[in-house]
Amino acid sequence: CTILGKGAVATGYRTCLYPFFLLVFVKLDFNITNVCKSREKKSLGWMYLLFFIISLHSTYVLYIMEILSTFKFQELASAFIVLFAVIDIIGSIPIILNLKQRGRNVNAIKATLISFALMIAFFFAGDMILKLFQVDIASFAVAGSVVLFLLALEMILDIEIFKNQGPIKEATLVPLVFPLLAGAGSFTTLLSLRAEYAPLNIVSALVLNMVWVYVVLKLTDKVENFLGKGGIYVIRKFFGIILLAIAARLFTANITQLLN
């Protein structure tokens, strides 16, 4: 009990599990004592193995429960809206249709999986990269809020600030995966959100966005016919304003932390 309780957070579910662990240890100690008296070394080995399995399993259960306890629907919804606006797959429909009209096939599942892999890798490894350059998440969030601000201006004012000057040979990888889906804006946004929300909520929002991206890529023609050019234009403007407000909130929240 001392080992399990050392450094533990005093949460409700752990408090409830401690009496259970106490009973397990008492029972194991009683059995081990009897085994030692009878000199049954083989049974003692099995008892130690059982003790190890129970301890390992309990540790994983507590770890998973601790992660799940960070889930908040409000954070999930906010992160989903931010990523939805930044990825902007609806606004990319005209580009995708243009690629298809030029005979360049777009593989929906391949584009979705590669984009997700790139973004999730950067989400978890990006913090290590920042530490390598001695940059904290708050500073990166301030810089990311500026990028989000410029992306919002693009969506609202119909101007082009970020220009794609990279090679365009494969439609699925370039320009669809990079920079349209997993571009600088998406990478910056993911790390910026880490300064505000729990990782579980951000990853869940990213998964939901990738599901939506796959649906749109698979049904591009039908989505455009359903929304129409006017509908796509209005949605783009609306989420541009939302993105602008979120960029302002990210900036004010993290600049205050840096100044303090």
Side-chain angles (χ1 to χ4, degrees), residues 76-77 79-126 144 147-148 150-193 202-243 246:
L76 171 63
F80 176 83
I81 292 174
V82 174
L83 291 172
F84 185 90
V86 172
I87 295 173
D88 190 26
I89 189 62
I90 295 295
S92 301
I93 287 179
I95 300 175
I96 298 171
L97 292 175
N98 185 38
L99 291 172
K100 289 184 176 181
Q101 289 173 359
R102 288 188 290 172
R104 302 174 65 182
N105 294 327
V106 174
N107 190 322
I109 186 66
K110 182 179 178 181
T112 303
L113 292 178
I114 294 177
S115 300
F116 178 74
L118 288 175
M119 286 190 279
I120 203 70
F122 189 82
F123 176 73
F124 288 107
V147 175
L148 294 180
L150 296 176
L151 287 172
L153 291 182
E154 277 191 337
M155 298 172 68
I156 296 172
L157 303 178
D158 285 333
I159 58 177
E160 184 180 5
I161 300 177
F162 299 99
K163 297 182 180 180
N164 177 30
Q165 298 178 346
I168 301 178
K169 297 180 181 180
E170 177 66 28
T172 300
L173 296 178
V174 179
L176 185 55
V177 171
F178 187 86
L180 290 180
L181 297 179
S186 301
F187 295 150
T188 305
T189 302
L190 285 172
L191 284 189
S192 300
L193 290 174
I202 301 173
V203 173
S204 301
L206 180 60
V207 171
L208 293 177
N209 269 282
M210 287 296 100
V211 172
W212 171 243
V213 165
Y214 172 76
V215 172
V216 172
L217 290 178
K218 197 71 175 178
L219 306 172
T220 304
D221 298 325
K222 294 182 179 180
V223 171
E224 188 194 33
N225 293 333
F226 176 75
L227 295 177
K229 293 183 179 180
I232 294 175
Y233 181 82
V234 171
I235 291 175
R236 185 177 177 85
K237 297 298 180 184
F238 173 76
F239 280 103
I241 297 174
I242 296 295
L243 186 60
I246 293 173

(message) Quick one, Leu83 and Leu193 - any side-chain contact, counting heavy atoms below 4.5 Å?
(response) yes
(request) With rounding to the nearest 0.5 Å, note down the distance linking CD1 in Ile93 to OG1 in Thr220. (result) 6.0 Å
(message) Distance check, rounded to the nearest 0.5 Å: Leu113 atom CG versus Tyr214 atom OH?
(response) 9.5 Å
(request) State, with a plain yes or no, whether a side-chain heavy atom of Asn107 is found less than 4.5 Å away from one of Ile109. (result) yes
(request) Find the distance between CG (Leu181) and CG (Leu118) and round it off to the nearest 0.5 Å. (result) 10.0 Å
(request) Give the intermediate values and the outcome of side chain to side chain contact (heavy atoms under 4.5 Å, CB included) for residues Leu191 and Phe122. (result) CA-CA 8 Å; Leu191 284 189; Phe122 189 82; 3.5 Å; yes
(message) Testing the basics here: between Ser186 and Ile87, what is the closest heavy-atom pair and its distance to 0.1 Å?
(response) OG-CG1, 4.0 Å
(request) Calculate, to the nearest 0.5 Å, the distance between atoms CZ and CG belonging to Phe124 and Leu190 respectively. (result) 10.0 Å
(message) Measuring only between side-chain heavy atoms, which start at C-beta, is Leu208 closer than 4.5 Å to Leu76?
(response) yes
(request) Could you pull out the closest heavy-atom pair between Thr188 and Ser192, with the gap in Å? (result) O-OG, 2.7 Å
(request) For the residue pair Lys237 and Asp158, establish whether any side-chain heavy-atom pair is separated by less than 4.5 Å. (result) yes
(request) Check whether any side-chain heavy atom of Ser115 lies under 4.5 Å from a side-chain heavy atom of Val213, and answer yes or no. (result) no
(request) Determine whether Trp212 and Ile90 make a side-chain contact, defined as any pair of heavy atoms from C-beta on separated by less than 4.5 Å. (result) yes
(message) Could you report the tightest heavy-atom contact between Gly240 and Ala152, atom names first, then the distance?
(response) O-CB, 3.4 Å
(request) Could you tell me whether the side chain of Phe80 reaches within less than 4.5 Å of the side chain of Ile202, counting heavy atoms only? (result) no
(request) Give, for atom CD1 of Ile89 and atom CG of Leu217, the distance between the pair rounded to the nearest 0.5 Å. (result) 4.5 Å
